[in-house]
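These notes concern the structure reproduced below.
So you know, we letter chains A, B, ... as the sequences are listed, proteins then strands, and number each from 1. Here the structure is a predicted model, which is why all the values come from computation and not from measurement.
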Amino acid sequence: MASDDLRATRLEKADQLRQQGLTPYGYRWAVTHHAAELQDKYADLAAGAEVEVVVSVAGRIMARRVFGKLAFFTLQDETGQIQLYLDKKAIEVSMSDDSQAFDRLKQLTDVGDWFGATGTIKRTEKGELSVKVQSYEILTKSLQPLPDKWHGLTDIEKRYRQRYVDLIVNPEVRDTFRKRALITAAIRRYLDRQGFLEIETPVLQAEAGGADARPFVTYHNTLDMQLYLRIATELHLKRLVVGGFERVYEMGRIFRNEGISTRHNPEFTSIEMYQAYGDYQDMMTTVEELIVTAAESVLPSLKIQYQEQAIDLTPPWRRITMQDVVQEQTGLDFRQFDSLAAAKTAAKAAGIRDIEGCDSIGRLLNEAFEQKVEATLIEPTFITDYPVEISPLAKPHRSEPGLVERFELFIVGRETANGFSELTDPVDQRQRFEAQAARKAAGDLEAHGVDEDFLMALEYGLPPTVGMGMGIDRLVMLLCDCASIRDVIAFPLLKPEASEVEPEKS
RNA sequence: GGGUCGCUAGCUCAGCGGUAGAGCACUCGGCUUUUAACCGAUUGGUCCUGGGUUCGAAUCCCAGGCGACCCA
């Protein structure tokens with residue numbers, strides 16, 4: 001039967017409910033128990049045994065097995081499933097003023113309907129824990145058929161486009177989003193205990209900054225001005241430290257106008273945190289604690305499995321400088337090079353590709369790191385002491401010229417967190433902004449202009465401060481063993497289907 | 001950006017040049033211990049879209065759309 005016919009049949013059933021004086025769209029149901037709670041509480045109840053306790057449950061009908069004078073429904077709520085035992089005689093006794101109570105179950109309910117039931121506990125002869133129903137109500141009539149009860153919904157595109165259907169029929173999807181909520185809650189609890197305040201900063205900004213990324217552009221009508229969606233929360237959180245907040249953070253949505261892949265969604269969630277008086281060594285320890293806390297909120301052990309790979313999150317994690325780890329993997333000692341030409345020659349000999357555009361030894365070092373090292377960093381590893389050229393907001397290293405006090409955390413070959421002792425010298429910061437602005441002027445779409453107000457804030461004085469940013473989606477992917485970022489974002493961005501596209505105005 | 005693969009009933013899929021199919025779901029009938037309930041009978045199609053080749057296209061070719069995976 002075609003989709004429209006299935007829908008028409010269900011609309012007709014809704015009308016029949018109205019003719020019986022009932023509404024297909026109820027108002028309230030007093031739930032006393034959830035499925036998982038009952039399954040747990042009566043786990044030891046013997047087959048065939050009954051308990052004379054009245055419970056009330058509600059959920060979606062996921063399966064119907066109807067006999068002449070007996071029916072079994074599988075009811076699914078947020079926690080799990082429980083069977084409803086629907087006995088014609090029992091229902092006719094307890095709903096004696098409703099002569100159609102049992103026939104209505106057979107004729108006017110469908111898989112997908114929301115349903116409330118009150119009754120007693122009974123484990124059937126076949127061993128299935130059930131609610132032996134005394135009274136019930138159809139709470140919401142569903143007009144759309146659910147996917148195949150056995151094969152479920154496997155079409156990946158349809159799962160993302162109609163996530164609500166995915167959530168109905170794939171319990172592991174519900175589990176991922178439950179874990180995501182537990183992870184973000186655990187992170188906020190941890191930071192709260194450490195004395196951090198969450199302060200919200202603007203999404204709409206006159207000048208995007210704080211990262212190298214193309215921004216989304218939007219427009220404010222009344223002010224008649226172009227605005228950008230933020231690509232980072234960094235510059236505003238640091239203004240708050242200037243203002244006197246010693247520990248601040250924000251967990252929120254970031255927007256980057258870039259490609260879509262299994263690891264990139266144009267909007268994603270980051271956390272950035274700033275701590276006055278600390279340096280990058282302090283922050284590495286905090287990151288360890290933060291991620292361990294998040295992992296413990298959803299996993300039984302710190303020895304975890306990600307896509308067939310075993311990873312041990314037990315701290316402390318390895319800390320090694322970028323120069324040392326590159327030397328370890330390639331044999332190249334970047335401290336020895338006294339000219340860019342010499343470094344390029346050696347790098348080419350070591351098999352590092354596409355380095356013609358590198359205009360400094362520091363960028364070359366980073367290129368060598370990305371090509372030869374990143375993918376090998378499976379166990380959690382902090383890489384430290386980055387070249388200043390690729391770290392425009394980080395404080396110069398206290399003893400290593402040309403480097404900054406910065407770390408990035410890698411797990412399963414992916415950048416998971418990025419932090420540094422913050423640059424507090426406003427003159428130095430201005431020079432670095434101006435170097436960026438020059439790149440922007442030269443056509444680099446990921447570079448941004450000088451943020452004068454931020455420089456002004458630095459002139460009032462930023463105390464010694466360490467900051468850190470981390471992608472929440474990638475952390476959830478790691479802890480929930482998800483291969484694609486779309487598996488941890490409830491409604492990932494998709495191109496509209498052809499039929500949804502409005503015709504171009506010409 | 002490049003390559004490979006996919007798109008057929010509400011769902012999961014088969015069919016690969018000759019009348020569009022199966023299972024589940026739906027509809028009708030039967031059934032008081034099922035849990036992929038069962039038994040019987042029906043119903044259900046823009047074969048992603050548009051061109052082309054052909055006597056004939058879901059099938060072959062071209063272009064486009066959406067998606068997946070790999071590479072850069």
Q | Residue A:Asp87, side-chain atoms from C-beta onward, closest of B:U32, B:C66, B:U12 | A | B:U32

Q.
At 4.0 Å (heavy atoms only), tell me whether A:Val111 reaches a base, stays on the sugar-phosphate, or touches nothing.
A. nothing

Q | Same-atom distance (C1') from B:U27 to B:G10, integer angstrom | A | 14 Å

Q.
Between B:U32 and B:U43, how far apart are the two P atoms, rounded to whole Å?
A. 28 Å

**Q.** B:C11 phosphate, OP1 or OP2, under 4.0 Å from A:Lys158 side-chain N/O
**A.** yes

**Q.** Listed nucleotide nearest any side-chain atom of A:Lys122, set B:C66, B:C26, B:U33
**A.** B:U33

Q. Just wondering, do A:Phe115 and A:Leu105 contact through their side chains at under 4.5 Å, heavy atoms?
A. yes

**Q.** A:Lys106 or A:Gln83, whichever maps to the more 5' nucleotide of RNA chain B
**A.** A:Lys106

(Q) Using atom P in both nucleotides, what's the gap between B:C47 and B:U8 to the nearest angstrom? (A) 11 Å

Q. Between B:A25, B:C11, B:G67, which one does the side chain of A:Lys149 approach most closely?
A. B:A25

**Q.** Rounded interatomic separation in angstrom, taking NZ from A:Lys495 and C1' from B:U49
**A.** 15 Å

(Q) I need the CZ-C1' distance between A:Arg65 and B:A25, as an integer number of Å. (A) 15 Å

Q: For B:A57 and B:G51, measure between their C1' atoms and round to the nearest Å.
A: 13 Å

Q. Separation of A:Arg161 atom CZ from B:G65 atom P, in whole Å?
A. 14 Å

Q. Among B:C26, B:C66, B:U12, which nucleotide sits nearest the side chain of A:Arg64?
A. B:C26

Q: Mind checking the CD-CD spacing from A:Glu379 to A:Gln309? Nearest 0.5 Å is all I need.
A: 9.0 Å

(Q) Given B:U33, B:A68, B:U12, identify the nucleotide with an atom nearest to the side chain of A:Thr124. (A) B:U33

Q.
Between B:G29 and B:G45, how many Å separate the two C1' atoms, rounded to a whole number?
A. 27 Å

**Q.** B:C16 to B:C70 separation - C1' atoms, rounded to the nearest Å
**A.** 26 Å

Q) Does A:Lys13 pair with A:Asp110 as a salt bridge, N-O distance under 4.0 Å? A) yes

Q. Counting side-chain heavy atoms from C-beta on, which of B:U12, B:C69, B:U32 comes nearest to A:Lys69?
A. B:U32

Q: Would you please say whether a donor-acceptor pair under 3.5 Å links the side chains of A:Ser56 and A:Trp29?
A: yes

Q: Check the distance between B:C31's C1' and A:Leu86's CG and give it to me in whole angstrom.
A: 16 Å

Q. Can you tell me how far P in B:A63 sits from the matching atom in B:A22, rounded to whole Å?
A. 36 Å

**Q.** Side-chain N or O of A:Thr9 closer than 4.0 Å to phosphate OP1/OP2 of B:U27
**A.** no

Q | Position toward the 5' end of RNA chain B (nearest nucleotide), A:Arg353 or A:Leu494 | A | A:Leu494

Q: Name the closest nucleotide to the A:Asp148 side chain, picking from B:G23, B:U32, B:A68.
A: B:G23

Q: In whole angstrom, give the distance that lies between atom OH of A:Tyr160 and atom P of B:C7.
A: 19 Å

Q) To the nearest 0.5 Å, what is the distance between CG (A:Asp481) and CG (A:Asp487)? A) 10.0 Å

Q. Between A:Arg178 and A:Asp175, is the closest basic N to carboxylate O distance under 4.0 Å?
A. yes

Q.
Less than 3.5 Å apart, any donor N or O on the side chain of A:Asp333 or A:Gln336 sitting next to an acceptor on the other?
A. yes

Q) Rounded to whole angstroms, how far apart are CG on A:Leu108 and P on B:U27? A) 10 Å

Q.
Between B:U59 and B:C48, how far apart are the two C1' atoms, rounded to whole Å?
A. 15 Å

Q.
Checking contacts here: which listed nucleotide (B:A72, B:U33, B:C13) is nearest the side-chain heavy atoms of A:Thr154?
A. B:C13

Q) Taking atom P of B:A9 as reference, at what distance in whole Å does atom CG of A:Leu153 sit? A) 14 Å

Q) To the side chain of A:Lys89, which of B:U32, B:A36, B:G67 is closest? A) B:U32

Q. Does OP1 or OP2 of B:U27 have a side-chain N or O of A:Lys13 closer than 4.0 Å?
A. yes

Q: To the nearest 0.5 Å, tell me how far A:Ser130 OG sits from A:Leu45 CG.
A: 10.0 Å

Q: Could you summarise the pairing of RNA chain B as dot-bracket text, marking Watson-Crick and G-U pairs under 3.5 Å with ( ) or [ ] inside the strand and | across strands?
A: (((((((..((((....[..))))..((((.......))))......(((((..]....)))))))))))).

Q: Whole angstrom is fine here: how far is it from CG in A:Asp5 over to P in B:U42?
A: 19 Å

Q.
With rounding to the nearest 0.5 angstrom, report the CG to CD1 distance, A:Leu475 to A:Ile411.
A. 7.5 Å

Q. Base, sugar-phosphate, or nothing: which does A:Thr74 touch, judged by heavy atoms less than 4.0 Å apart?
A. nothing

Q: Enter the distance from A:Glu367:CD to A:Ile361:CD1 here, rounded to the nearest 0.5 Å.
A: 15.0 Å

